[in-house]
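Have a look at the structure below, then the notes.
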Amino acid sequence: MPSLAVLRQIANELLTTERAQRFTEPDLVMESAEQVAAYTRAGREDGVMAPVYLYNASHVLEIIKPGDKVLDLACGPATQLALVARMAPECSFTGVDLSREMLARAQAHVEDQKLANVGFIHSSIAQLASIEDQSIDAVMSTMALHHLPELATLEATFKEINRVLKPGGGIYLADFGHLKSERSIRYFAYQYADRQPEIFTVDYLNSLRAAFSLSDFRKAGEQIQGRAQVYSTFMVPYMVALKSARRQATTPELESRLRAVWQEMPSNHKRDFADLKTFFLLGGLRSKLI
Ligand SMILES: C[S@@+](CC[C@H](N)C(=O)[O-])C[C@H]1O[C@@H](n2cnc3c(N)ncnc32)[C@H](O)[C@@H]1O
């Protein structure tokens with residue numbers, strides 16, 4: 001059951017007449033060493049982002065299958081990518097990012113984890129020039145699309161996804177959705193301020209302000225020509241996801257790999273995971289794996 005404070009914010013969002021403006025991220029490409037370090041820390045297995053990463057992994061694992069070539073668009077420090085790659089050793093993954101600082105972190109992370117199935121390329125996700133048409137089996141992207149400057153760039157990115165993906169390929173894209181009221185944006189940004197470095201809280205606030213609206217995602221989603229459905233968290237599109245049909249059957253091994261990560265989580269992370277799962281489930285999005 002979500003906390004009273006969260007329920008109050010939902011009521012505020014539903015009743016507000018405000019339409020908070022979208023502000024683009026001050027750092028579209030994350031090159032500052034301090035900011036990259038804070039983001040990396042918040043995302044590692046025990047950081048505040050851990051429940052979101054596990055949740056996303058449960059969906060990505062449904063849209064890939066053994067032998068696939070998978071792209072992770074705007075992979076950042078590869079926390080999400082490494083989690084998925086560890087659970088899907090029979091797939092090969094390429095992380096794409098425009099920040100060399102992030103790619104250095106990402107490379108170090110996969111080396112630390114001894115993952116032989118992950119490589120990286122330095123490129124804009126809106127122009128995947130080095131990737132051939134219909135050469136990719138699945139595309140994932142998490143918590144990153146809000147870094148794109150405008151709707152036209154989001155549309156260009158989706159067009160590229162459509163170009164590089166093979167027919168019947170898998171898609172899972174998840175990101176924040178734009179909230180109507182600045183009060184809700186601030187509430188969610190500062191919700192965990194006591195558990196994380198201030199620079200991450202500020203980064204989080206900027207992310208929520210830069211998020212695209214659900215209708216932006218629907219509009220840009222036209223570029224992928226019905227290959228994925230658009231979902232959002234129930235009533236308030238705090239998070240939005242585009243997911244294609246499942247391509248891999250649920251197996252006990254996959255289930256137990258995800259469950260093992262869940263079991264290691266502290267109780268506050270388990271609660272956040274349960275809230276995210278419930279709000280997306282009520283919005284129609286479900287993973288059969290967890
Ligand atoms: C908030 S991080 C998300 C990282 C990762 N996907 C995750 O789930 O933790 C956003 C990333 O997008 C990258 N980025 C921003 N604009 C980009 C672009 N046009 N092309 C490629 N990467 C971009 C930034 O450098 C940063 O690493």
Side-chain angles (χ1 to χ4, degrees), residues 1-2 43 45 49-73 75 78-95 110 113-118 136-144 161 165-175 217 221 224 226-234 238-267 269-290:
M1 174 74 181
E45 313 277 302
M49 295 281 287
V52 177
Y53 286 135
L54 180 63
Y55 182 77
N56 287 331
S58 75
H59 288 289
V60 175
L61 290 170
E62 288 192 328
I63 59 97
I64 60 176
K65 57 179 194 222
D68 273 1
K69 268 198 218 166
V70 184
L71 274 190
D72 181 8
L73 300 184
C75 63
T79 313
Q80 179 75 74
L81 178 53
L83 181 65
V84 173
R86 220 165 60 212
M87 295 189 192
E90 316 82 357
C91 295
S92 66
F93 296 85
T94 304
V110 300
Q113 303 232 330
K114 303 195 174 20
L115 290 169
N117 58 339
V118 184
I136 300 295
D137 299 289
V139 175
M140 60 184 272
S141 177
T142 56
M143 319 324 289
I161 294 174
L165 205 56
K166 291 180 185 171
I171 298 178
Y172 179 74
L173 316 170
D175 199 7
F217 280 105
I224 51 176
R227 290 169 179 246
Q229 211 178 315
V230 183
Y231 300 91
S232 71
T233 45
F234 185 55
Y238 169 69
M239 272 185 69
V240 176
L242 283 87
K243 188 180 180 190
S244 61
R246 238 187 306 273
R247 296 175 63 244
Q248 170 160 230
T250 307
T251 65
E253 298 84 68
L254 278 179
E255 281 176 342
S256 73
R257 281 174 208 164
L258 285 164
R259 195 142 285 273
V261 176
W262 180 84
Q263 249 148 9
E264 289 298 308
M265 283 182 168
S267 57
H269 285 180
K270 283 185 176 146
R271 201 174 49 239
D272 291 348
F273 179 86
D275 282 354
L276 189 56
K277 189 173 150 180
T278 304
F279 279 111
F280 258 131
L281 192 60
L282 293 171
L285 180 64
R286 172 169 185 228
S287 166
K288 288 192 173 173
L289 287 170
I290 194 163

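Model, not experiment: these values are computed from the prediction.
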Would the distance check show the side chain of Ser244 and the main-chain N or O of Gly170 forming a donor-acceptor pair, the cut-off being under 3.5 Å? no

Does Val139 reach the side chain of Leu173, with side-chain heavy atoms less than 4.5 Å apart? yes

From CG (Leu73) to CG (Leu81), nearest 0.5 Å: 11.0 Å

Working to the nearest 0.5 Å, report the span between CD1 of Ile161 and OG of Ser141. 7.0 Å

Shortest non-hydrogen contact from His269 to Ala50? ND1-CB, 4.1 Å

Indicate yes or no: at least one non-hydrogen side-chain atom of Asp175 is less than 4.5 angstrom from one of Val240. no

Point-to-point distance, once rounded to the nearest 0.5 Å, from NZ of Lys288 to NE2 of His59: 13.0 Å

On a heavy-atom basis, which atom in Ile136 and which in Ala138 lie closest, and how many Å separate them? CG2-O, 3.2 Å

Side chains of Met49 and Met143: does their closest heavy-atom pair fall under 4.5 Å? yes

Which atom of Gly283 lies closest to which atom of Tyr231, heavy atoms considered: O-CD2, 3.8 Å

Minimum side-chain heavy-atom gap Phe93-Leu115 below 4.5 Å: no

Separation of Leu282 CG from Thr278 OG1 (nearest 0.5 Å): 6.5 Å

Output all residues satisfying ring-ring contact (aromatic ring centres under 6.0 Å, His included) with Phe280, sequence neighbours left out; order by chain, then residue number. Tyr55

Close side-chain approach of Val70 and Val84, heavy atoms under 4.5 Å: no

Do Gln248 and Leu254 come within less than 4.5 Å of each other through their side chains, counting heavy atoms only? yes

What salt bridge (charged side-chain N to carboxylate O under 4.0 Å, His left out) pairs are there with at least one residue in residues 51-71, not counting sequence neighbours? Glu62-Lys243, Glu62-Arg246, Asp68-Arg247

Heavy-atom side-chain proximity of Met140 to Ile64 below 4.5 angstrom: no

Val261 and Met87: side-chain contact (heavy atoms from CB on, under 4.5 Å), yes or no, with the steps? CA-CA 10 Å; Val261 176; Met87 295 189 192; 3.5 Å; yes

Taking Asn117 for its side chain and Ala85 for its backbone only, find out whether a donor-acceptor pair lies under 3.5 Å. yes

For Ala82 and Gln113 the tightest heavy-atom approach is CB-OE1, 4.1 Å

Quick check: does any side chain N or O of Glu90 sit under 3.5 Å from a backbone N or O of Gly67, one acting as donor and the other as acceptor? no

From Asp72 CG over to Thr142 OG1, what is the distance, rounded to the nearest 0.5 angstrom? 5.5 Å

What closest approach, in Å, do Leu165 and Arg227 show between heavy atoms, and which atom pair accounts for it? CD2-NH1, 3.2 Å

Does Ser287 reach the main-chain N or O of Ser58 with its side chain, forming a donor-acceptor pair under 3.5 Å? yes

For the side chain of Thr233 and the backbone of Phe279, is there at least one donor-acceptor N/O pair under 3.5 Å apart? no

Please find the pair of heavy atoms, one from Pro89 and one from Arg257, that lie closest to each other, and give the distance. CD-NH1, 4.0 Å

At what distance, to the nearest 0.5 angstrom, does OG1 of Thr79 lie from OH of Tyr53? 4.5 Å

Mind checking what makes salt bridge (charged side-chain N to carboxylate O under 4.0 Å, His left out) contact with Arg259, not counting sequence neighbours? none

Do Ile171 and Ile63 come close enough that some side-chain heavy atom pair is under 4.5 Å? no

